[in-house]
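Down below is the structure, laid out as structure tokens.
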Amino acid sequence: MIRIAALNAASTAADESQDPLRSSKSQTKEAQEAEAFALYHKALDLQKHDKFEESAKAYHELLKTPLLKEAMPSEDQRVGLKHPGLMLKYSTFKNLASMAASRDDLGKAMEFYLEAVMLDSTDVNMWYKIGQVAVRLVRIPLARHAFEEGLHCNQDHWPCLDNLITVLYALSDYT
């Protein structure tokens, strides 16, 4: 007769008896992720219902959680946002920037967009938004850099190309 058992059932019990701190640490990490995602969804829900102040408070509270504090981007740009904390941090900065831009707090919006792009510089739409805010702030060299970076991410992104042409004309760079 063949006996079938879960592969991880025996190893889990053995791991707990050998190192109880390791198993509680992994549970803590999972609990941190669950708490962070719950807080993120709460902030999104508040944002969806136009409760921007409460939403911003929830996003800032989320940024203070251990999961997001520990999340650091990899040196390798091709890796992307694999860590759940990095994904949440990126999305949080992006949403905070969007809310700041919608209420015309362009300085704060730029801060948050730049924080987001430091985590993931491969998003063409993020570079485009940075360029748009930079134009509104009359920071033309930054706008040029943003639109050029957007085109490095996707050379067929017409909004970046169109705005880059305008910015280059404003800078008297006709080449």
Side-chain angles (χ1 to χ4, degrees), residues 6-9 11-103 105-134 142 145-154 157 160:
L7 293 175
N8 61 355
S11 64
T12 303
D15 287 346
E16 286 178 10
S17 64
Q18 290 174 358
D19 192 3
L21 290 177
R22 196 177 93 180
S23 65
S24 68
K25 188 175 181 181
S26 66
Q27 290 172 349
T28 304
K29 194 64 130 177
E30 291 169 354
Q32 287 176 354
E33 285 182 22
E35 178 187 338
F37 276 104
L39 190 54
Y40 178 72
H41 289 295
K42 174 186 169 189
L44 275 180
D45 192 47
L46 289 168
Q47 184 179 353
K48 182 176 79 174
H49 290 98
D50 296 332
K51 297 179 181 176
F52 297 120
E53 283 186 35
E54 295 93 349
S55 178
K57 285 180 187 175
Y59 282 129
H60 285 290
E61 187 179 327
L62 177 62
L63 288 171
K64 294 176 186 173
T65 61
L67 180 71
L68 271 66
K69 280 185 176 181
E70 294 171 3
M72 293 295 164
S74 170
E75 296 296 321
D76 185 8
Q77 292 292 329
R78 296 169 296 176
V79 172
L81 300 174
K82 301 268 187 217
H83 188 275
L86 282 176
M87 290 186 295
L88 277 177
K89 193 182 251 189
Y90 175 78
S91 297
T92 298
F93 282 130
K94 200 167 138 177
N95 289 334
L96 283 168
S98 174
M99 288 190 314
S102 70
R103 63 178 188 273
D105 188 356
L106 300 179
K108 273 289 185 202
M110 182 60 75
E111 276 182 47
F112 291 131
Y113 279 136
L114 292 176
E115 287 287 341
V117 87
M118 294 296 284
L119 296 172
D120 182 14
S121 62
T122 62
D123 185 359
V124 65
N125 292 312
M126 182 62 62
W127 285 113
Y128 175 68
K129 288 176 184 178
I130 290 171
Q132 286 182 314
V133 171
L142 177 58
H145 177 73
F147 293 132
E148 286 175 344
E149 286 297 319
L151 288 172
H152 285 293
C153 295
N154 179 358
H157 192 259
C160 277

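Just so you know, these numbers use all the heavy atoms, side chains as well, and skip hydrogens, waters and symmetry mates. Along the sequence shown, the residues carry numbers beginning at 1.
Taking the side chain as every heavy atom from C-beta outward, Q32 and T65 never approach each other to under 4.5 Å. Looking at heavy atoms from C-beta onward, E149 lies out of side-chain contact with V117 at the 4.5 angstrom threshold. You'll find the side chain of I130 stays beyond 4.5 Å of the side chain of F147, heavy atoms only. In this structure, the side chains of L46 and K42 come closer than 4.5 Å at one or more pairs of heavy atoms. Side chains of D123 and C153 form no contact here, defined as non-hydrogen atoms less than 4.5 Å apart. At a threshold of 4.5 Å between non-hydrogen side-chain atoms, the residues W127 and S121 count as touching. Residues D120 and M126 have side chains not in contact (no heavy-atom distance under 4.5 Å, counting atoms from C-beta outward).
By the side chain to side chain contact (heavy atoms under 4.5 Å, CB included) test, Q132 is found to be paired with Y128, K129, residues two or more places apart in sequence or in another chain being considered. By the side chain to side chain contact (heavy atoms under 4.5 Å, CB included) test, E111 is found to be paired with K108, residues two or more places apart in sequence or in another chain being considered.
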Requested in this report: Begin from the C-alpha positions of L68 and L86 and carry the test side-chain contact (heavy atoms from CB on, under 4.5 Å) through to its verdict.
Outcome: CA-CA 7 Å; L68 271 66; L86 282 176; over 6 Å; no

Report task. Start with the C-alpha distance between L88 and E33, add both sets of side-chain angles, then the distance that settles side-chain contact (heavy atoms from CB on, under 4.5 Å), and finish with yes or no. Result -> CA-CA 10 Å; L88 277 177; E33 285 182 22; over 6 Å; no

Query - F93 vs L114, side-chain contact (heavy atoms from CB on, under 4.5 Å): CA-CA, chis, key distance, verdict - result: CA-CA 9 Å; F93 282 130; L114 292 176; over 6 Å; no

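Counting all heavy atoms, side chain and backbone alike, V133 lies closest to Y113 at CG2-CE1, 3.8 Å. The minimum heavy-atom distance between G150 and C160, with the atom names listed, is CA-SG, 4.0 Å.
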Can you give each donor-acceptor pair under 3.5 Å made by side-chain atoms of residues 50-62, sequence neighbours left out, with the distance rounded to 0.1 Å?
from, atom 1, to, atom 2, distance (Å)
S55, OG, A43, O, 2.9
Y59, OH, Q47, OE1, 2.7
Y59, OH, N95, ND2, 3.1

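Although no hydrogens or angles enter the test, the distance criterion places a donor-acceptor pair under 3.5 Å between the side chain of S91 and the main chain of M87.
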